[in-house]
Amino acid sequence: MDIVEIKNLTFKYPQQEVQNFNNFNLKIKKGEWLAIIGHNGSGKSTLVRLIDGLLAPESGEITVSGIKLTPESVWDVRSKIGMVFQNPDNQFVGANVEDDVAFGLENAAIPREEMLIRVRQALERVGMWEFADHEPVRLSGGQKQRVALAGIIALKPEIIILDEATSMLDPEGRQSVLEIIRELNQVEHLTVISITHDIDEASNAQRVVVLDDGKIVQDDIPAKIFSHGASLVKIGLEPPFSEKLKEELIKQEIKVPDEYLTKEGMVDWLWQLFSKQ
């Protein structure tokens, strides 16, 4: 079942002459984790803003959870979607962590008793309940992003959109956030759409779409897309570390596996290779 369907989408910003999207089509399955990657200006963030109704297309149709996106239905569509942006500071409105997570629920007119339960459950889910009375500005980058994520979880959306949500985090903070997203996707079957420059982050997805100037140039599972590092370089993307390492090993006349390996898979393969010598 498709939870998002985009048909013949056409869009351009008022100040531009060239269209960002022209008869663009995309389907996203319910419960899927889709990563959308591409160089700066390829249309990634524009696309998710169109899905969320923050931008309006010139023509075409966008349907989210069975609701056709129109000016009249935009708030119904947004109730199905939670967005986590690059800089969590831009999402904070509460004096402390607990108030901030409660803010969206108050706007949704959730009864107070239920709201208190949801806030605690969401903060416990991301490991931040012990910081409930802390000021958000005093948290680390990873902690801030987990609080922003808790605010989305409390609203119980059907779709979570991560718009470069881990790009400002250190490796530990990034891994922590991605573990939470993976659990939400696999255990609760939330649909995840992640916009990212991080190839290693995108490898967590079940499917990857590569955008180049508003066009889909690749659409496949991560292993197939990332095994062709040269095609990624051609459109301005950095190949995965494991593929770059393979290239260096080939130069040393070492035979490497044909299939794509994650960093962890590459470590296992190297360990087996050198343990035989």
Student: As an exercise, state the distance from CD1 of I6 to CG of L26, rounded to the nearest 0.5 Å.
Tutor: 5.0 Å
Student: Under 4.5 Å between side-chain heavy atoms, hopping through other hydrophobics if needed: is there a path connecting F21 to Y13?
Tutor: yes
Student: Can you pull out every salt bridge (charged side-chain N to carboxylate O under 4.0 Å, His left out) where at least one residue sits in residues 36-57? Sequence neighbours excluded, please.
Tutor: R49-D163
Student: Return yes if some donor-acceptor pair links the side-chain N/O of Q218 with the main-chain N/O of V210 below 3.5 Å, else return no.
Tutor: no
Student: To check you understand the geometry: which heavy-atom pair defines the closest contact between P57 and L9, and what is its length?
Tutor: CB-CD1, 3.2 Å
Student: Taking the side chain as C-beta and beyond, is there a heavy-atom pair between S59 and N8 under 4.5 Å?
Tutor: no
Student: Indicate the atoms forming the closest heavy-atom contact of I37 with T196, along with that distance.
Tutor: CG2-O, 3.5 Å
Student: With a cut-off of 6.0 Å (strictly less than), are more than 12 heavy atoms of other residues, nucleotides or ligands near CD of E113?
Tutor: no
Student: side-chain contact (heavy atoms from CB on, under 4.5 Å) between M128 and L139: does it pass, once the steps are laid out?
Tutor: CA-CA 10 Å; M128 290 298 292; L139 302 175; 3.9 Å; yes
Student: Return each pair, listed once, that meets side chain to side chain donor-acceptor pair (under 3.5 Å) where at least one residue sits in residues 116-135; pairs must be two or more places apart or across chains.
Tutor: E114-R118, R120-E124, R125-E183, R125-E188, E135-R138
Student: Is the backbone N or O of A165 less than 3.5 Å from a side-chain atom of Q145, with the two atoms forming a donor-acceptor pair by type?
Tutor: yes
Student: State yes or no: do L50 and W75 share one hydrophobic cluster built from I, L, V, M, F, W and Y residues joined by side-chain heavy-atom distances below 4.5 Å, directly or via other members?
Tutor: yes
Student: Tell me the salt bridge (charged side-chain N to carboxylate O under 4.0 Å, His left out) pairs involving residues 69-87, sequence neighbours left out?
Tutor: K80-E158
Student: Is the side chain of D212 donor-acceptor paired with the backbone N or O of K215 at a distance under 3.5 Å, no angle test?
Tutor: no
Student: Could I get the full list of side chain to side chain donor-acceptor pair (under 3.5 Å) partners for Q175, not counting sequence neighbours?
Tutor: E179
Student: Salt bridge check, R207 against D219: does any charged N sit closer than 4.0 Å to a carboxylate O?
Tutor: yes
Student: Do V74 and I67 share a hydrophobic cluster (ILVMFWY, side-chain heavy atoms under 4.5 Å, transitive)?
Tutor: yes
Student: Between CD of E98 and CG of L116, what distance do you get to the nearest 0.5 Å?
Tutor: 7.0 Å
Student: What residues, two or more places apart in sequence or in another chain, satisfy side chain to side chain donor-acceptor pair (under 3.5 Å) together with K255?
Tutor: none
Student: Is any side-chain heavy atom of I3 closer than 4.5 Å to a side-chain heavy atom of S65?
Tutor: yes
Student: Tell me the salt bridge (charged side-chain N to carboxylate O under 4.0 Å, His left out) pairs involving residues 168-178, sequence neighbours left out?
Tutor: R174-D198
Student: Output the distance between atom OG (S42) and atom CD1 (I195), rounded to the nearest 0.5 Å.
Tutor: 8.5 Å
Student: Test side-chain contact (heavy atoms from CB on, under 4.5 Å) on L184 and V192; report intermediate values, then the result.
Tutor: CA-CA 9 Å; L184 290 169; V192 178; 5.7 Å; no
Student: Do L69 and L54 belong to the same hydrophobic cluster, where Ile, Leu, Val, Met, Phe, Trp and Tyr are linked whenever their side-chain heavy atoms lie under 4.5 Å apart, directly or via other members?
Tutor: yes
Student: Taking all atoms of both residues into account, what is the closest heavy-atom pair of K29 and E32, and its distance?
Tutor: N-OE1, 2.9 Å
Student: Could you pull out the closest heavy-atom pair between V101 and A154, with the gap in Å?
Tutor: CG1-CB, 4.0 Å
Student: When rounded to the nearest 0.5 angstrom, what is the spacing between CG in N25 and NZ in K7?
Tutor: 9.0 Å
Student: Taking the side chain as every heavy atom from C-beta outward, state whether S73 and K68 have any atom pair closer than 4.5 Å.
Tutor: no
Student: Between I152 and V84, is there a side-chain heavy-atom distance shorter than 4.5 Å?
Tutor: yes
Student: Taking atom CZ of F103 as the centre, report whether more than 12 heavy atoms of other residues, nucleotides or ligands fall under 6.0 Å from it.
Tutor: no
Student: Under 3.5 Å, side chain of T191 to main-chain N/O of I159, donor-acceptor pair present?
Tutor: no
Student: Between T166 and E201, does any side-chain donor sit less than 3.5 Å from a side-chain acceptor?
Tutor: yes
Student: If I take atom CD1 from residue I51 and atom CD1 from residue I36, how far apart are they, to the nearest 0.5 angstrom?
Tutor: 6.0 Å
Student: Starting from the C-alpha separation in whole Å, work towards a yes-or-no answer on side-chain contact (heavy atoms from CB on, under 4.5 Å) for M115 and E106.
Tutor: CA-CA 8 Å; M115 181 174 67; E106 290 174 341; 3.5 Å; yes
Student: Identify the two heavy atoms, one from P136 and one from A95, that lie closest to each other, and give their separation to 0.1 Å.
Tutor: CD-O, 3.7 Å
Student: When you measure from the side chain of T63 to the backbone N and O of G66, does any donor-acceptor pair fall under 3.5 Å?
Tutor: no
Student: Please determine whether side-chain hydrogen bond (donor to acceptor under 3.5 Å, both in side chains) holds for the pair N185 and Q206, giving the CA-CA distance in whole Å, both sets of side-chain angles, and the decisive distance to 0.1 Å.
Tutor: CA-CA 10 Å; N185 174 250; Q206 291 135 16; 2.9 Å; yes
Student: State the CD1-CG distance between I181 and L162, to the nearest 0.5 angstrom.
Tutor: 4.5 Å
Student: If two hydrophobic side chains count as joined below 4.5 Å and joins carry through other members, does L245 share a cluster with I250?
Tutor: yes
Student: Which is it for L211 and I216 under the side-chain contact (heavy atoms from CB on, under 4.5 Å) test, yes or no, and what are the steps along the way?
Tutor: CA-CA 5 Å; L211 282 186; I216 296 176; 3.8 Å; yes
Student: Restricting to non-hydrogen atoms, name the atom on A132 and the atom on L123 that form the minimum distance, rounded to 0.1 Å.
Tutor: CB-CD1, 4.3 Å
Student: Check whether any side-chain heavy atom of W269 lies under 4.5 Å from a side-chain heavy atom of V256, and answer yes or no.
Tutor: yes
